[in-house]
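All heavy atoms count here, side chains included; hydrogens, waters and symmetry mates do not. Protein chains get the first letters and strands the later ones, always in sequence-line order, with residue 1 at the start of each.
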Amino acid sequence: MPDKLLIITEKDMAARKIADILGDHVEVTRHGSGKQKVSSYAFDWQGRPTVAIGLRGHVMRTAFPDRYKRWSLKNLHEMIRDPDFVWVVDGGAQTVLGALRAASKGAQELIIATDYDREGELIGNEALAILGGEALKRHPHDDGAGKKRRKGGAEEPPPAEDAADAGTPHVRAMLPRAVVDRHHRVRYSALIAEEVKAAFAKPTTLDFHLADAARTRQDVDLLWGAVLSRFISLASYRYGAAYLSVGRVQTPTLRLIVDRERERRAFVPVPYWEVWADLEREGRQLTAGHAHGRFDAQAKAERAQAEADTPLATVTDYQTRPRSVKPPAPFNTTALMSAASSVGVSPSRAMRAAESLYLSGLISYPRTDNTVYPKALDLNGVAAGLTGYGPVAGIAAELAARPKLTATRGNKRTSDHPPIYPVGVPSSPLEGNEAKVYELVVRRFLATVMDAARIESQKLELSIGSQPFVARGSRVAEAGFLAVYGKYVAEREKPLPQVAPGDTFTVEAVRLEAKQTQPPGRLSQGTLIEKMEDMGLGTKATRAEIIQRLYDRTYVRGNPIEPTDLGMSLIAAFDAALDQAPVDISSPAMTARLEADMDRISEGELGWQAVLAESQEMLEHAWERLDGAIEDVRTVILEAVRRDQTLGTCHTCGGEIVAVTSRKSGKRFAACRGLPDEQAAAGETEAGGAAASGPASPGGGAAATQVADDASRSADAPPSGPAAASGEPAADAAAGAGEPADGEDTAPRRRGCGQTFPLPPFGQIAAAGKACPECGWPMIRIVGGRGSREQCIDYYGCPSNAALRERREARRNAAAEGRSTGTARRGRRRTKS
DNA sequence: GCAAGGTC
């Protein structure tokens, strides 16, 4: 019997493809059960029995010991100086490890075939540690299940994978030491036959320096993230789910949004004037602008207007200029997220939809940096496959029949995966975001193999009195790729009338428009994700999640993205405390510096210990400054939270109306919490000023802010209804749950007059900054993904909300009726996805 | 209840 060979990959798809490429007949075995199934692929390769199995990304992680489990300001310094990190098996990987143990049985040779990048090298190293029995199951300084036993009485059952030896600190070895030691490592840059065969023909060994670099990146990120997240949270009384987070990627990303907001606030508008002429010829309207463009003085514009005094405008020149618009480059992850954002699908939702389409076999792997199709990709074949997709069937057939298609190329060429393209056609219609993302991928692919569009730019010059005017237009001469992709690009056809010099238009009016320069716009999610890529913040697989995290923390809201006062204050706190500091985690330079250090570790120039030590030192300095300024940090953040929560003034008692989320039901309402002066009078303490977390993607549910408050204990609690507050005791709403750690400071508690209102269940709630013209109660702004709307806070009482109430009622009745016939369930699903 | 990185 020849030696059995085990091949480990980073994901199932890679194991499956390698088996297909190297083997003739592949036998699939399913391990585990339910949703967590893992497959292994058995085949013969060069006469040897071989099994390929995919992990699911990382299977080990960096862990703190239990003594740092409790959040406390008091042990942060110790955490920095002695993080006591240990590399342990990831508790979530039990199914994968069980499958690995089964698949590796009897193997005498091992090939690591994880992705060809830094994380892939680390994942390969994790596999070696586990197979060889070196991997720790838990931190050696922790006493295992001891704590659980004390608390609950019963010991936690050991993880299924290692039931046989729950007592030992290490995972039981799966392969003999010698097999692990003489492992091979193959590096393929694409999952295509020639690449894979070439890689397996000349294997090397794992690059442990590179794996060390990746592990150090994890350590540094966790250390900075944990210490600063805890510091900021504890300093501002944010306990439990209401914690505030800080990280090497998320905080500089927040800074991008905050910087833009600061520019907007600092912007000084400059007035200017424009002169426009409304013209008519043969029943067609045309608007032409003064050829001078913007006038910086009103008097000059008025003079131009006055001198445009003839009843007819005479055409003096008519020019056309051909222009070519090139089709777009193939989609990589960032470009797809950005395009999806412009059709109303947030990056994180687009990513989820793309993942699901990939798993259904409809699109290629969705996490890629590449914007150049590999040579081996059969473009005509992909087009031919799309003839089964109705909306583009005709064009796809026409393209597939062309001799040999060529595609556009983007400027990011990597070897990880091909750009994202369609690989299948849905058998039944897709819904929601999946439908949108699939259509986008299909149309984008077709666009990349189509011809450029030819646009005719038109310019019409006219004179009115002594004044020159200009009108511009455009006409699509040849649609090219716009035939399939036109709906996603700004290119609009607006042709001018066909005229010649000497022709005339009737002048209906010559208008003066006073305008002023506008501040730079807010960033859209699409623009932000592109900026992150340009700046090296995050990766293709994480950027969408990181943007979502900023919404979840209520640092930002809406799209275009608007920072909340909390988000502004967090950056302000770092600015104040870390001004001139050698390292600031809120700066994008942090990533560049870490990358440079990782390169030096992988080159063998620097040990990981030195990099971690230096990082600890920098963090210690940062923490000292922050800790020295803790009162200021607290004040800045708490004041910002108060501004974010405050919706207006209570009509009954003059106190502040604030947004509250019930901790028990998650429902939101507004409550009076009295005047700030009453803080001292109340004389009680509790954890306060916390914000709820939740899916805050625009368009989806966003969390209002949560406060500690007694207000809704009042009998005046609003009736419950579709949008009503729960009417539950406000004790539920006591922010942040949980006990403050170690008797540390807690925020003062306040009472109000008992007035409450229900709040809408979706969208972030902000003050509109004005009183309702009908009833005088504050107006609120509900910010969602498709913009914001304003309404009176008094949902049940104010006549201005009557129409809204009727619509809700009608919808609710329709839904109730539909439920009995079964039609509403489909409708609900659609709105949810 | 900490991050960011894999992947599902």
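Using a 4.0 Å heavy-atom cutoff across all strands shown, E545(A) reaches at least one base atom of the nucleic acid. If you check every strand for non-hydrogen atoms under 4.0 Å, Y365(A) touches sugar and phosphate atoms only. Heavy atoms of G247(A) sit under 4.0 angstrom from primed sugar atoms or phosphate atoms, though from no base atom. V220(A) comes within contact range of no nucleotide atom at all, as no heavy-atom separation falls under 4.0 Å. R230(A) comes within contact range of at least one nucleobase, with a heavy-atom separation under 4.0 Å. In this structure, Q218(A) reaches the bases: a heavy-atom distance under 4.0 Å links it to at least one base atom across the strands shown. Counting non-hydrogen atoms under 4.0 angstrom, G538(A) reaches the backbone sugars and phosphates but no base. Looking at heavy-atom distances under 4.0 Å, R118(A) makes no contact with the nucleic acid at all.
Proximity of R549(A) to the phosphate of dA4(B): a side-chain N or O atom is located under 4.0 Å from OP1 or OP2. For the pair T539(A) and dG6(B), the criterion of a side-chain N or O lying under 4.0 Å from OP1 or OP2 is met. The phosphate of dC2(B) has neither OP1 nor OP2 within less than 4.0 Å of any side-chain N or O from S233(A). Under 4.0 angstrom from either OP1 or OP2 of dG5(B) there lies at least one side-chain N or O belonging to R248(A). Here T542(A) does not reach the OP1 or OP2 of dA4(B): none of its side-chain N or O atoms lies under 4.0 Å away. Using a 4.0 Å cut-off, no side-chain N or O of Y358(A) falls inside it from OP1 or OP2 of dT7(B).
The closest side-chain donor-acceptor pair between Y116(A) and E195(A), if any, does not fall under 3.5 angstrom.
In this structure, of dA3(B), dG5(B), dT7(B), it is dA3(B) that holds the atom nearest to the side chain of Q250(A). Side-chain proximity of I546(A) to dC8(B), dG6(B), dA4(B): nearest is dA4(B). For R56(A), the side-chain atoms get nearest to dC8(B) when compared with the rest of dC8(B), dC2(B), dG6(B).
Heavy-atom neighbours of H621(A) NE2 from other residues, nucleotides or ligands within 6.0 Å: at or below the threshold of 12. Residue-environment remark: NZ (K17(A)) stays at or below the threshold of 12 foreign heavy atoms within 6.0 Å.
The aromatic rings of F85(A) and F64(A) are tilted relative to each other, their planes meeting at an angle between 30° and 60°.
Taking a centre distance below 5.5 Å and an interplanar angle below 30 degrees as the stacking criterion, W71(A) stacks against the six-membered base ring of dG1(B).
Summary of the strand contacts: G225(A) and H417(A) both lie near DNA chain B, and taking for each the nucleotide with the nearest heavy atom, the more 5' one is attributed to G225(A). With the nearest nucleotide of DNA chain B identified for both L359(A) and A226(A), A226(A) has the one nearer the 5' end.
Rounded to whole Å, the distance from CZ on R16(A) to P on dT7(B) is 14 Å.
The distance from the CD1 atom of I123(A) to the CZ atom of R56(A) is 13.0 Å, given to the nearest 0.5 Å.
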